Amino acid sequence: MTVDSSMSSGYCSLEEELEDCFFTAKTTFFRNVQSKHPRKNDCKPAEEPRCPPTLQEIKQKIDSYNTREKNCLGMKLSEDGTYTGFIKVHLKLRRPVTVPAGIRPPSIYDAIKEVDLAATTDKRTSFYLPLDAIKQLHISSTTTVSEVIQGLLKKFMVVDNPQKFALFKRIHKDGQVLFQKLSVADCPLYLRLLAGPDTDVLSFVLKENETGEVEWDAFSIPELQNFLTILEKEEQDKIQQVQKKYDKFRQKLEEALRESQGKPA
């Protein structure tokens with residue numbers, strides 16, 4: 001893999017997803033703990049029965065795909081029946097990621113030689129990746145979701161546990177944006193082939209792996225300390241926003257009282 005720069009079952013809408021967040025400073029990191037009895041529209045991987053396509057069917061699908069692909073990013077079929085192609089992954093991470101401190105971004109030489117720059121230092125720092133950044137991946141039909149996630153993290157030199165992240169497929173249906181979490185064993189290029197090249201029909205999104213509860217054991221001590229620092233800052237910002245709101249409200253009430261009593265402002 002190379003890197004370039006009414007609800008249906010198994011899906012959840014963007015609006016439903018946001019309803020699960022606490023309305024506090026913790027919104028950036030945590031969600032409400034799920035009930036032991038899952039709701040009707042909970043996000044779950046849908047179990048879809050699949051029959052392995054024949055080589056002829058794959059060839060026909062690839063030919064059809066390539067005729068619709070307008071950006072010279074077609075798929076190529078090998079003699080052994082595997083094929084290669086491109087997918088685009090949108091990064092929608094709400095939490096900061098952990099990266100090596102003081103390390104330059106990897107060069108083309110590093111990528112070719114598979115140099116692990118993260119292993120050259122024990123120093124760590126955290127920052128937010130740009131929201132909705134897009135990375136294009138050149139992968140094989142045998143490349144799994146797990147390998148896609150690991151490849152993305154390596155590209156950004158993220159040293160967090162890959163299990164903290166999940167790959168979702170995003171579709172538009174009945175005017176809504178729907179997400180479905182993919183299994184780590186799914187093959188994204190096969191899904192891309194079935195859906196065609198139109199990203200409005202199907203796109204991929206990397207998000208935090210929400211399990212219903214926060215798995216504290218998966219975080220290092222520096223990460224937890226960094227989370228506390230960010231939460232404290234968010235809390236102070238929220239307090240200031242609330243104070244400003246009620247100060248303005250109090251001012252308007254006092255003005256209304258003075259006017260009702262015939263006193264000049």
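Fair warning: this is a prediction, and the values are worked out from it, not measured in the lab.
Phe179 and Phe168 have perpendicular rings, their planes meeting at more than 60° on a 0 to 90° scale where under 30° would count as parallel.
Counting only N and O atoms by type, the side chains of Asn209 and Lys181 include a donor and acceptor under 3.5 Å apart. Between the side chains of Ser146 and Thr144, no donor N or O sits under 3.5 Å from an acceptor N or O.
Glu208 places a side-chain N or O within 3.5 Å of a backbone atom of Arg94 that can act as its donor or acceptor partner. Of the possible polar contacts, one joining the Ser183 side chain to the Ala185 backbone as a donor-acceptor pair under 3.5 Å is found. Judged by distance alone, with hydrogens and angles left aside, the side-chain atoms of Glu232 form no donor-acceptor pair with the main-chain N or O of Thr229 at under 3.5 Å. Checking side-chain atoms of Asn161 against main-chain N and O of Gln163 turns up a donor-acceptor pair under 3.5 Å.
From Asp80, atom CG reaches atom CG of Leu77 across 8.0 Å, with rounding to the nearest 0.5 Å. Atom CD of Glu235 sits about 11.0 Å away from atom CG of Leu228, to the nearest 0.5 Å. Taking CZ from Arg95 and CG from Asn226, the interatomic distance works out to 13.0 Å, rounded to the nearest 0.5 Å. The distance from the CG atom of Leu91 to the CG atom of Leu152 is 6.5 Å, given to the nearest 0.5 Å. The CD atom of Gln56 lies 10.0 Å from the CD1 atom of Ile58; values are rounded to the nearest 0.5 Å. If you take NZ on Lys244 and CD1 on Ile239, they are separated by 13.0 Å, rounding to the nearest 0.5 Å.
Residues Tyr83 and Ile62 meet the side-chain proximity criterion, which asks for heavy atoms closer than 4.5 Å. Under the 4.5 Å side-chain criterion, counting only non-hydrogen atoms from C-beta, Val89 is in contact with Leu167. No side-chain heavy atom of Tyr128 sits under 4.5 Å from any side-chain heavy atom of Leu93. Contact of the Thr67 side chain with the Asp63 side chain is not registered, since no non-hydrogen atoms from C-beta on lie closer than 4.5 Å. Looking at heavy atoms from C-beta onward, Thr84 lies out of side-chain contact with Met75 at the 4.5 angstrom threshold. Between Phe156 and Leu129 the shortest side-chain heavy-atom distance falls below 4.5 Å. Taking the side chain as every heavy atom from C-beta outward, Arg250 and Glu254 approach each other to under 4.5 Å. Contact check for Lys155 versus Lys135: side-chain heavy atoms found under the 4.5 Å cut-off.
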- Task: Please assess Leu189 against Cys187 for the test side-chain contact (heavy atoms from CB on, under 4.5 Å), listing each intermediate value before the final yes or no.
- Result: CA-CA 6 Å; Leu189 192 63; Cys187 297; 5.9 Å; no
- Task: For the pair Ile139 and Glu147, evaluate side-chain contact (heavy atoms from CB on, under 4.5 Å) and give the outcome as yes or no after the intermediate values.
- Result: CA-CA 10 Å; Ile139 63 175; Glu147 292 170 330; over 6 Å; no
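When every heavy atom of Gly74 is checked against every heavy atom of Glu69, the shortest pair comes out as N-CG, 3.9 Å. Nearest heavy-atom pair, Asp160 versus Lys164, reported as atom, atom and distance to 0.1 Å: OD1-NZ, 3.4 Å. When all heavy atoms of Ile149 and Phe165 are compared, the closest pair comes out as CD1-O, 3.8 Å. Here the shortest heavy-atom pairing between Pro96 and Ile230 reads CG-CD1, 3.7 Å.
There is no path of hydrophobic side-chain contacts, each under 4.5 Å, that joins Tyr190 to Val184.
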Please set out all donor-acceptor pairs under 3.5 angstrom arising from side-chain atoms of residues 191-206, sequence neighbours excluded.
| from | atom 1 | to | atom 2 | distance (Å) |
| --- | --- | --- | --- | --- |
| Arg192 | NE | Gly196 | O | 3.0 |
| Arg192 | NH1 | Leu202 | O | 2.8 |
| Arg192 | NH2 | Gly196 | O | 2.8 |
| Arg192 | NH2 | Asp198 | O | 3.2 |
| Arg192 | NH2 | Leu202 | O | 2.9 |
| Asp198 | OD1 | Asp200 | N | 2.9 |
| Ser203 | OG | Arg170 | NE | 3.1 |
| Ser203 | OG | Arg170 | NH2 | 3.4 |

